[in-house]
Protein chains: 2
Amino acid sequence: MPGPDPVCTEPTPSAAHGGPVSIALARVARMHRIAAGRRLKELELYPGQEMMMMRLWDRGPVRQSELIQSLGLDASTVTKMLQRLEQCGHVRRGPDPADRRAVLVEATDEGRALRAGVEGVWTDLEQLSLSGLGPEDRAELARLLGLVAENLREEAGEAGECPPPPGVC
Amino acid sequence: MPGPDPVCTEPTPSAAHGGPVSIALARVARMHRIAAGRRLKELELYPGQEMMMMRLWDRGPVRQSELIQSLGLDASTVTKMLQRLEQCGHVRRGPDPADRRAVLVEATDEGRALRAGVEGVWTDLEQLSLSGLGPEDRAELARLLGLVAENLREEAGEAGECPPPPGVC
DNA sequence: ACCCATTGATTGGCCGACCAAGGTAATCTG
DNA sequence: CAGATTACCTTGGTCGGCCAATCAATGGGT
């Protein structure tokens, strides 16, 4: 090292010098999550629940195990989250007649009523995050994020599959 | 709408159509965090603690309030995290002679010993995430993340400041 | 000097996330 | 068909995060 860096230059912790993009990604992801959390709070949703609800909006009554697979979460996480969502009326759960150990989950009408709000959160977040970025930069960012996702997919499992609804496709 | 979309096309929840980049960002951030978590577990660190330790490595004994400000976390989060880090010997805490309600925090030698491992996590993560990306793409990704961070900074406060160590600069 | 607002830190509660362990039902196997 | 294995879910524990309420110490106003 030819000489010590001048003092007072790094907002970034020096121990992360080996991963500048990773640190930037972690930072922006955190801010993004905070911004999302604020907006979800106004819908009376906790961060994380929006993904669950979106899954339920897209597919009808679903086995809980399929939600676990689809969201890539731990089974216990899904159990507890669904208990809370059920208790506040956003979700309905019942036994699966075809498999007595499985549980079928479904969004209630009240749960479905949140959809417009959540869509608004995503578009609002997109508009805020990408303000000042031209269509070109946006496409480039999407492409690069896709590449990183591909790189990480092997190690950190996929969190958005599309197991075809049986009978279709 | 001219006709329903063909079934079985969207790994992405349809309610997020208004924020494709935001959804991609959330996805890659989650995978990134999982990959980081795996590596930190081998160092016997929980995700989140690495940021705390990095702050402590860079600055010597720090007031807890400064850590809170610097990490952008809630005061209670920092209190509990430091209690655990202290209990397992990575951190030492003591009263501030200049302000009897403040607490001075410092990394122990054992805590400092984690630094190489954490640096390795960041470089390893960077290498994994950006595999296959040329220097050009990496720079572009860093630039775009910087822009997004700038956009989010107003709402989701800064999480990496550099209040100059008093006396220097 | 006194009172009061501000700052620093802690506690308790809640939620999302994980792991480990357990229980029940279905399925595979001999 | 009985026994072992696997799949599905639940419970209890821990940790990182937040909010609300609390306490102690500092500092400013009059």
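Below, chain A is the first sequence line, B the second, and so on; all start at residue 1. Reckoned from all heavy atoms, side chains included, excluding hydrogens, waters and symmetry mates.
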Would you check if [X] and [Y] make a side-chain contact, meaning some heavy-atom pair closer than 4.5 Å?
X      : Y     : answer
B/V105 : B/E66 : no
B/V118 : B/M53 : no
A/V91  : A/Q49 : no

Side-chain atoms of A/K41 come closest, of D/dA25, D/dC18, D/dC19, to D/dC19

Would you indicate which nucleotide in D/dG16, D/dC19, D/dA25 comes nearest to any side-chain atom of B/Q49?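 The answer is D/dG16, which lies nearest to the side chain.
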
Between B/R101 and B/S65, is there a side-chain donor-acceptor contact under 3.5 Å, judged purely by atom types and distance? no

Value in whole Å for how far the [atom2] atom of [N] lies from [atom1] of [X]:
X     : N      : atom1 : atom2 : result
A/L71 : C/dG16 : CG    : P     : 12 Å
A/E44 : D/dC18 : CD    : P     : 20 Å
B/Y46 : D/dG13 : OH    : P     : 16 Å
B/L73 : C/dT10 : CG    : P     : 15 Å
B/R33 : C/dG16 : CZ    : P     : 16 Å
B/D96 : C/dG8  : CG    : C1'   : 11 Å
B/M81 : C/dA9  : CE    : P     : 15 Å
B/Q69 : C/dT7  : CD    : P     : 12 Å

Got a sec: does the CD of B/E110 have more than 12 other heavy atoms crowding it under 6.0 Å? yes

Determine whether more than 12 heavy atoms belonging to other residues, nucleotides or ligands lie under 6.0 Å from atom CD of A/Q83. yes

Strictly distance-based, threshold 3.5 Å: is any side-chain N or O of A/R63 a donor or acceptor partner for the main-chain N or O of A/D96? no

Can you check whether B/Q127's main-chain N or O pairs, donor with acceptor, with B/S131's side chain at less than 3.5 Å? no

Pick the closest DNA chain C nucleotide for A/P97 and for A/T77 by heavy atoms, then say which residue is nearer the 5' end. A/T77

Report, as a single string ordered 5' to 3', how protein heavy atoms within less than 4.0 Å touch nucleotides 1-10 of chain D: B base, S sugar-phosphate only, - not at all. ------BSSB

Estimated bend of the helix from C/dA1-D/dT30 to C/dG30-D/dC1 (axis per five terminal pairs, rounded to 10 degrees): 0°

Output yes when at least one side-chain N/O atom of B/R84 is less than 4.0 Å from OP1 or OP2 of D/dG16, else no. yes

Answer with yes or no whether the hydrophobic clustering places B/L43 together with B/M81; edges join I, L, V, M, F, W, Y residues whose side-chain heavy atoms lie under 4.5 Å apart. yes

